[in-house]
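Throughout, protein chains are lettered first and strands after them, A, B, ... in sequence-line order, and every chain is numbered starting at 1.
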Amino acid sequence: MRFAANAPPPMLDLLVAPLATAVAARLGRLPGEIAPLIGPPAKGQGADLALPCFQLAKSANRNSAQLAADLATLEVPGMALSAAGPFLNAALQPATVAGVLLPVLAGDPLLCLRRDHGEGKTVCIDFSSPNIAKHLAFHHIRSTMIGNALARLYGACGWRVVRINFLGDWGTAFGRLISAWHREGLTLAQLDAAPDRVTFLNELYVRASQAEKADPAKEADSRRWSKALEDGDAEARHLWQIFKDASLAEFQRIYALLGVGFDSWKGEAFYEDKMGAVLAELESRGLTKVDQGATVVDLSALGLKKPMLLRRADGGSLYATRDLAACDDRWKDYAFDRSLYVVDLGQALHFKEWFACAALLGRAYADRLRHIGFGIVLLWNDEPGEGLEPGWARGRTRGGKVMLLREVLEESVDRARAVIAEKNPGIEGDERERIARAVGVGAVVFNDLKNARTNDVKFKFEEALRFDGETGPYLQFAHARLCSIERKFREAFPQAPAGDPARIARDDEKAVLIAIARLGSALDRAVESDEPSQLAQGLLALAAAVSAWLTAGSKDDTARVLVEDAALAASRLRLVRAARAALGEGLRLLGLEAPERM
RNA sequence: GCGCUCGUAGCUCAGCUGGAUAGAGCGCUGCCCUCCGAAGGCAGAGGUCCUUGGUUCGAAUCCAAGCGAGCGCGCCA
């Protein structure tokens, strides 16, 4: 069983424990047997915890409704118990919840989003992995930000995290580029002068392809350069390195905007001379055979009907072999306990195959590999043509061009800047620019992370870049409101009293506390299922509770944080702090910034 | 043909690993700013949870079959 199956996380456990202990004592069971049965109640019951009594009744050979009624007579401090048919409901007093949680969070407000079950363990995360000399297209956001979020989520659970960008930096395209570069007599100065060096290389590539179609001699020249590059020719390698450096510099601009970094940039080229060993090992063990000139490995023993291709008929290497060689290298360097490959679901079979191949080779790491698949980006097509209905379609838009990640981010930042100028004209200059980036980028990133990763993402500019509803800016806004109240509190109460959890008495305040307490289990689920949306949904629930609470204060003066009674205000401020820290940390774990104003 | 991912409100999606009357955002209707930030909140209308069987005290959730959609299935990565 997985670790989380019957171990409630600390925060929520603090609330559940007294109930579990009391029930266990009455029934002669262990609290650890009862706690996992306690879950959220049905809506409209006015309860915070619920215990369905079916299983307990069965094992005690009793009627479930009678058992619930019996348990409802228990006395648990700070809780009102009631039976509703076969359910035991527990309504917690706000002050009780506050008394349990606020002192813990005062010590370390990030504790609600920290776990330690990854201590001493290492996870490798292979993500983003673009091809060089090509643009980061919009769809690259998926691998990049899912991988980034997972890296942070694992980190929050105590794992040592190795972030790997497995660059696509090898292939025949480079022979073509080198050939055209020479033919056109280009210089490094010209490349560096380009507004976008990847665009420069892209256009060179397009010209080269067209030229080759018209002239076999040029095609032959490309092939010569490809061969030279493979053979380690100094000039070819030098130019290849220039193309690679220029591409990485452009990538880094976007990674910086997204707040993403990597520990390893070893790409495909690095493994070019390291695949022979893996192939030789497979061959020497008699696991391979030759079929139609290609070298394949039979995986039928592991339930895969078709063999996997290891080497082309012309002797060229294939990327399954490259993945195996890279994995051996990572195992040697990091001795990982888990290794994630954040790659779209279209490649599921490829991963299944080479994972099986690793098992066949008896690799110790074979069962530590996980393919983290995700759905594709679909774009709305208004004019499909030929009488087809408008609808969601894979692929390109705007005249057949791929949508670039940078373009989408810039458009979103522009929109955010306009909204800030309108709603909060007091924010100007550098600060406005910084916040526009945080909000605009955050909107795009959260849109990508809020739903299950295996779903396809349906992208419409107007809808993905809106800032109302369940969006990144919605979370950021709730955070900014809390920050604002903290600022005003410091002005209004320079010498504030300490605050007392016992003064927390409102149901909407309790709802905020419970939403915070549930974040820990959301983090557990996010890591165990490699699913950032689990935390995203938890944060939406917290922000909704915060917004309802704070908005109540605009109609009802007594509901405000900043009431005249300084002791009450200070008490409520402790809740503001806890919620602000939880939201801010949750946003950061997903890879969004949490501005204090917006 | 085989495999993978899906099918929940008009649209886009949640549904905490089997629990009580299935929830949210957008859109629609009606409210709430002399403002602790309306990028917000409250209320309302709106669903044979694709179908049929099975397991179970209990199924949107697990199993099987079928229907429908998308994507893969030997020299690209």
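Using atom C1' as the reference point in both B:C63 and B:C76, the two lie 39 Å apart (nearest Å). Rounded to whole Å, the separation between the C1' atoms of B:A22 and B:U8 comes to 8 Å. Here, B:G10 and B:C28 have their C1' atoms 10 Å apart, quoted to the whole Å. Going from the P atom of B:G70 to that of B:C75 covers 24 Å, rounded to whole Å. When the C1' atom is compared between B:A24 and B:G44, the two are found 16 Å apart, to the nearest whole Å. Rounded to a whole angstrom, the distance from the P atom of B:G68 to that of B:A60 is 24 Å. Spacing of C1' atoms, B:C67 relative to B:G27, comes out at 30 Å, to the nearest Å. B:G72 and B:U12: their C1' atoms are spaced 26 Å apart (whole Å).
Glycosidic conformation of B:U55: anti, with the torsion beyond 90° of 0. Applying the 90° criterion around 0 to the glycosidic angle, B:C71 comes out anti.
Remark: B:A69 base-pairs with B:U5. Criterion, Watson-Crick or G-U wobble with two distances under 3.5 Å. B:G74 makes up no base pair with any nucleotide shown, lacking Watson-Crick or G-U wobble contacts both under 3.5 Å. With a cut-off of 3.5 Å on both Watson-Crick or G-U wobble distances, the partner of B:A14 is given as none. In a base pair of the Watson-Crick type (N1 to N3 plus N6-O4 or O6-N4) or a G-U wobble (N1-O2 and O6-N3), with each distance short of 3.5 Å, B:C49 is matched with no nucleotide. Across all strands shown, B:U61 has no partner, as no Watson-Crick or G-U wobble contact with both distances under 3.5 Å is found. Of all nucleotides present, only B:C32 satisfies the Watson-Crick or G-U wobble test against B:G40, with each distance under 3.5 Å.
In summary, A:R453 and A:D530 do not engage in a salt bridge, as defined by a charged side-chain N under 4.0 Å from a carboxylate O. Look at A:R311 and A:E283 and you find a salt bridge, because one of the NZ, NE, NH1 or NH2 atoms lies within 4.0 Å of a carboxylate O, short of that distance. Under a 4.0 Å N-O distance rule, the pair A:R322/A:E272 qualifies as a salt bridge. For the pair A:D524 and A:R115, the salt-bridge criterion is met [side-chain N within less than 4.0 Å of a carboxylate O]. Taking the charged nitrogens against the carboxylate oxygens, A:E491 and A:R487 have no contact shorter than 4.0 Å, which rules out a salt bridge. Ion pairing of A:R370 with A:E528 is present here, as a side-chain N (NZ or NE/NH1/NH2) and a carboxylate O approach within less than 4.0 Å.
The aromatic rings of A:Y271 and A:F166 sit tilted, their planes meeting at an angle between 30° and 60°. A:F459 and A:F461 have perpendicular rings, their planes meeting at more than 60° on a 0 to 90° scale where under 30° would count as parallel.
Using a 4.0 Å heavy-atom distance criterion, A:L540 is classed as making no nucleic acid contact. If you check every strand for non-hydrogen atoms under 4.0 Å, A:Y474 touches sugar and phosphate atoms only. In this structure, A:E268 reaches the sugar-phosphate backbone alone: every heavy-atom distance under 4.0 Å involves primed, P, OP1 or OP2 atoms, never a base. Residue contacts shown for A:G168 are absent, as no nucleic acid heavy atom lies under 4.0 Å away. Here A:A480 lies in heavy-atom contact (under 4.0 Å) with a base. At a threshold of 4.0 angstrom between heavy atoms, the contacts of A:A492 with the nucleic acid are absent. Using a 4.0 Å heavy-atom cutoff across all strands shown, A:N131 reaches no nucleic acid atom at all. Residue A:N89 is in base contact, counting any heavy-atom pair closer than 4.0 Å across all strands shown. Residue A:R597 is in base contact, counting any heavy-atom pair closer than 4.0 Å across all strands shown. Using a 4.0 Å heavy-atom criterion, one finds that A:L318 contacts the sugar-phosphate atoms exclusively. A:P307 comes within contact range of at least one nucleobase, with a heavy-atom separation under 4.0 Å. Residue A:T454 is in sugar-phosphate contact alone, with no base atom involved, counting any heavy-atom pair closer than 4.0 Å across all strands shown. A:D314 comes within 4.0 angstrom of no nucleic acid atom, judged by non-hydrogen atoms across all strands. Within the 4.0 angstrom heavy-atom criterion, no nucleotide atom of any strand lies near A:I376.
Along RNA chain B, read 5' to 3', the first and last nucleotides having any atom under 4.0 Å from a heavy atom of chain A are B:C2 to B:A77.
The CG atom of A:N447 sits 9.0 Å away from the OG1 atom of A:T471 when rounded to the nearest 0.5 Å.
A centroid separation of less than 6.0 Å is found between the aromatic rings of A:W354 and A:Y341.
Nucleotides of RNA chain B nearest to A:A416 and A:Q55 differ in position, and the one nearer the 5' end is that of A:Q55. Comparing A:W392 and A:I435 against RNA chain B, the residue whose closest nucleotide sits nearer the 5' end is A:W392.
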